[in-house]
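Comments concern the structure below.
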Amino acid sequence: MNFPLLPVGTWHSIADAWPQAMWLIDAATLEVIYANRAAGELLGRPVAEMVGRSVHQLASAPQDLLFWEQSATEIAAGIHSCTSIWNPQRGEQIPVERWIQAVPPVQDASSTQGASLLAMYMQDCSESENSTRELEGLLSQLRATLDCAADGILSCDLQGRIRAFNHRLVQIWKLPDALLRRRDDDAIHAHMQAQVEDVAAYRQSLATLRREPLLEATHVFRLRDSSVVELRSVPQLIHGKPAGRIHVYRDISGQIQAQANLQLAAQVFESSLDAIFIADTRGMLVRINPSGCELLGARQLELLSRPVTAMIDLDRPAASFLRQVEQAWDLQGFWVGDVTLRPGASDSAIPIALSWVALRDERGNVSQSIGFMRDLTTHHAAQRRIEELAFTDPLTGLPNRLQLTQWVGSVIEGARSRSAEFAVLFLDLDRFKIVNDSLGHPFGDQVLKMVAQRLQDCLRQSDMLCRLGGDEFVVYLHDADRKVAEAVARRMLDEMAHPFTLEGMNFSIQGSMGIALYPHDGLTLDDLIKHADSAMYRVKERGRGHYSFYRPQMSADLLPRMKMEHAMRLALGLGHMEVHYQPQVEFATGRIVGMEALLRWRDPELGSVPPAVFIPLAEESGYIVTLGAWVMEQAIKEAAHWHVSGTPMVVSVNVSALEFRQPGLVERISGLLAQHGLPAAMLELELTESVLLQDAQEMEQLLGTLAQLGIGLSIDDFGTGYSSLAYLKKLSIHRLKIDKSFVDGLPLHERDQAIVQAIVSMGRALGIATVAEGVETAAQRDALQAMGCDFYQGYLCAPALPVPQLRTLVGRAGQARQEVSASATEPSS
């Protein structure tokens, strides 16, 4: 290092203050003739112990030994690589970045005049690699950031198959769009290989990496377009085992050109990536390198003769800061700390790590000082990004559960010393799955952002809105009692009631909300969220679109419900579910001509669970799809038995709205009919009016397809829903089922009689048969028959029966009809 106008002693002081480890090596003998203090710290051994030793003792990696065994000309050409060095004090290999280059001889009385020297520098990369490992888990979330990176990044598995790459890689290797669209890994690798001048060396480097999955290596290749690319390849580890490789390609063409123009020792100062300044005894700048000028946003002439403290944004008087620096110089010769620069041409502060070293003369007085400044902006930005990813929801930018937990935890901690209240609101969007299923998840994500903004606008600065995930939000209301919580809940629901507009489409989003109060409903955030969720669930049960405060009974009701749902999901596989069949009788003949398939559940612990209890639970949880598919198959199988035995009977199966929305319903039913050999006319699907009113156009098309197959369609519980005569005209409905609530009043109640008569008359006028449900008395049967009803079912004939009892009942009925027929044909005596 050839610092102008500095004596040899001062040069040694500068080298000892240099933050990088440095060795001067006799190029002829490869013996170390000088090592600075940083070199001793890096290797964990005294500097004096290294001087006079062979440089081979500093090489702890095979590639290092190979380098030093080259010819003098090849060694003098220098190297810039990453390797590792053994530190016996720390008992570990320390990864380092290494530079080796030839320098002019040091003009010192102790040196040989004209001897060729080599300078070797090493930078401890431990901190950098630790940061890399810390960020490794965030690579998937930082994909957008990687696409903006200056380096090309390629991720491959152990077999070389491509996992991911960024936009910069496409630019460096000039990958054509047509090749990228093919997603052909071999073609991409072949294209990259074709761009390299020395193909053999390129292949050998990749082969070495494939053979040694844990090897970290750096290679430099010249491409056919004269650009130079540096490859740094590191293994990708999962649980400590190699799972692939990350290849980082950097276009170093500009760096190579710049290095060609460097001037040996003095230019080490000029070309340093770190900002370096030299100050005199008064703390005035006498020299600053280009990196320093760039960092400060000023030319060197503008900075010289200014005090160092003028470029630092201090939070105290300059004299006080300088006294602290001088005290550190007296104790250890340097001062290290993080400070903030305030560049003159910019209002934005720049965080830097400053190492300020004192240089002393022969009498021990400070003659000059050197400062090393490293820009921490990128490091701080990465740290902020880590915190952002850890504490915020990536879609909406709202706080996530972790941030909410920390915030509320501090509030609860402070509440121990004073009386405090706050509220937690749990909001779930109603039927939001329909938005995602019908309009797509990208559209749904935009809707969630709009919802988040509306909810945020309803809150104070001291409150917090958190997205748990999906369509669930949690609100923390600071210093809120029951009255405040209710007011905010109303305000939020009112705001949600206004129509949303997105991509030219107007739509409505409704939410259900539960509220829990601290400390009345819980002393931890988890308890409060759980209780608010229970209250929200109660709102869902009672119609949605409103709010409810938590009550302890809600938790008591929820546990049995959870147990029942769990038992229900196990019951089918354990054989606790069974299909019973209720006969349907034709008024005209008195014959059993059909049967309705009804699911029954008998649990060893819960006993006989009524359908009115478990069917709504199955519909809400979505398990009704599984149950319905099983009942459909059992019913078709049973109907096929009657068809083959010569006593064909139509089987009716209830189909829920959720089942109708499942894709492939028609194909599944037609497949079952074909599998069991049952004519389509022997199957009837029972629908509720609420099913018919959903997606009328789509439903009309679906029912038309079923009717074309010959499958019968009936409307269950007719007259109890939002009845509309329009669908009776449009849809291929075969039967109307008169609800038991109307049959119960026959024959005495005039209104029930009038309603039943109207349904029968309307059915007859439209050519639609009618079936009365819940017929329990002969008087009800006679009244229905007199009105012209076509069929009935109910306890008067039989309840829903298991298969063996049903077959016995039908057999007896057939035998009775034969006996009556036989007696009617006998001649009278």
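Numbers here simply count residues along the sequence, with the first being 1. The model shown is predicted, which means the values in this text are computed figures rather than measured ones.
Under the 4.5 Å side-chain criterion, counting only non-hydrogen atoms from C-beta, Trp23 is in contact with Met122. Using a 4.5 Å heavy-atom cutoff, the side chains of Leu341 and Met373 are in contact. Looking at Val47 and Asp16, their side chains never come closer than 4.5 Å, going by heavy atoms from C-beta outward. Within the 4.5 Å cutoff, the side chain of Ile172 has no heavy atoms near those of the Asp151 side chain. Looking only at side-chain heavy atoms (C-beta outward), Tyr249 and Arg168 stay at 4.5 Å or farther from each other. Side-chain contact between Leu118 and Val55 is absent, with no heavy-atom pair separated by less than 4.5 Å. Using a 4.5 Å heavy-atom threshold, the side chains of Thr377 and Pro351 count as touching. Looking at Leu285 and Met311, their side chains come closer than 4.5 Å, going by heavy atoms from C-beta outward.
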### Task
May I have the step-by-step check of side-chain contact (heavy atoms from CB on, under 4.5 Å) for Leu209 and His247, ending in yes or no?
CA-CA 10 Å; Leu209 295 176; His247 301 290; 3.9 Å; yes
### Query
Given the rule in the side-chain contact (heavy atoms from CB on, under 4.5 Å) test, do Arg232 and Glu216 qualify, once you have shown the distances and angles that lead to the verdict?
CA-CA 8 Å; Arg232 176 171 170 78; Glu216 295 183 19; 3.8 Å; yes
### Message
Run Arg245 and Leu215 through side-chain contact (heavy atoms from CB on, under 4.5 Å) and show every step you take.
### Response
CA-CA 10 Å; Arg245 278 198 169 273; Leu215 177 66; 3.7 Å; yes
### Task
Verify side-chain contact (heavy atoms from CB on, under 4.5 Å) between Ile188 and Arg182, making sure each step is shown before the conclusion.
CA-CA 9 Å; Ile188 291 177; Arg182 285 168 53 191; over 6 Å; no
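More than 12 non-hydrogen atoms from other residues, nucleotides or ligands lie less than 6.0 angstrom from CD of Gln93. With a 6.0 Å radius and a threshold of 12 heavy atoms from other residues, nucleotides or ligands, Arg250 has its CZ atom at or below the threshold. Remark: Arg90 CZ is packed, more than 12 non-hydrogen atoms of other residues, nucleotides or ligands lying under 6.0 Å away. Surrounding CZ of Arg401 are more than 12 heavy atoms belonging to other residues, nucleotides or ligands, all under 6.0 Å away.
Atom OG of Ser81 sits about 6.5 Å away from atom CG of Asp64, to the nearest 0.5 Å. Note that CG of Leu154 and CG of Leu231 are 9.0 Å apart. Values are rounded to the nearest 0.5 Å. Taking NE2 of His191 as the start and CH2 of Trp173 as the end, the distance is 8.5 Å to the nearest 0.5 Å. To the nearest 0.5 angstrom, Leu354 atom CG is 12.0 Å from Arg374 atom CZ. Taking NZ from Lys241 and CG from Leu214, the interatomic distance works out to 12.0 Å, rounded to the nearest 0.5 Å. Going from atom CZ of Arg287 over to atom CD1 of Ile276 covers 10.0 Å, rounded to the nearest 0.5 Å.
Closest of all the heavy-atom pairs between Ala119 and Val103 is CB-CG1, 3.8 Å. The minimum heavy-atom distance linking Ile246 with Ile153 is given by the pair CG2-CG2, 4.1 Å. The heavy-atom pair separating Val357 from Ala17 by the smallest distance is CG1-CB, 3.0 Å. The nearest pair of heavy atoms linking Asp274 to Asn289 is O-ND2, 3.0 Å. Pro213 approaches Pro242 most closely through the heavy-atom pair CB-CB, 4.0 Å. For the residue pair Met50 and Val32, the shortest heavy atom distance occurs at O-CB, 3.4 Å.
With hydrogens and angles ignored, the 3.5 Å screen pairs a side-chain donor or acceptor of Ser253 with a backbone N or O of Val228. The backbone N or O of Gln20 sits less than 3.5 Å from a side-chain atom of Asn36, completing a donor-acceptor pair. Side-chain N or O atoms of Ser367 include one that pairs as donor or acceptor with a backbone N or O of Leu359 at under 3.5 Å. For the pair Asn87 (side chain) and Leu42 (backbone), a donor-acceptor distance under 3.5 Å is present. A distance-only check finds no donor-acceptor pair linking the side chain of Asp185 to the backbone of Arg161 [under 3.5 Å]. Between the side chain of Glu49 and the main chain of Pro46, no donor-acceptor pair closer than 3.5 Å is present.
Sorted by first and then second residue, the pairs that involve residues 222-231 and meet salt bridge (charged side-chain N to carboxylate O under 4.0 Å, His left out), not counting sequence neighbours, are Lys174-Asp225.
Taking Arg211 as the reference, Thr208 meet the side chain to side chain donor-acceptor pair (under 3.5 Å) condition, with sequence neighbours excluded.
Using the six-membered ring where Trp is involved, Trp99 and His80 have ring planes that are parallel, under 30° apart on the 30 and 60° scheme.
Each of Phe372, Trp356, Phe321, Trp329 was evaluated against Trp335; a single residue qualifies, Phe321, per the ring pair (Phe, Tyr, Trp, His ring centres under 6.0 Å) test.
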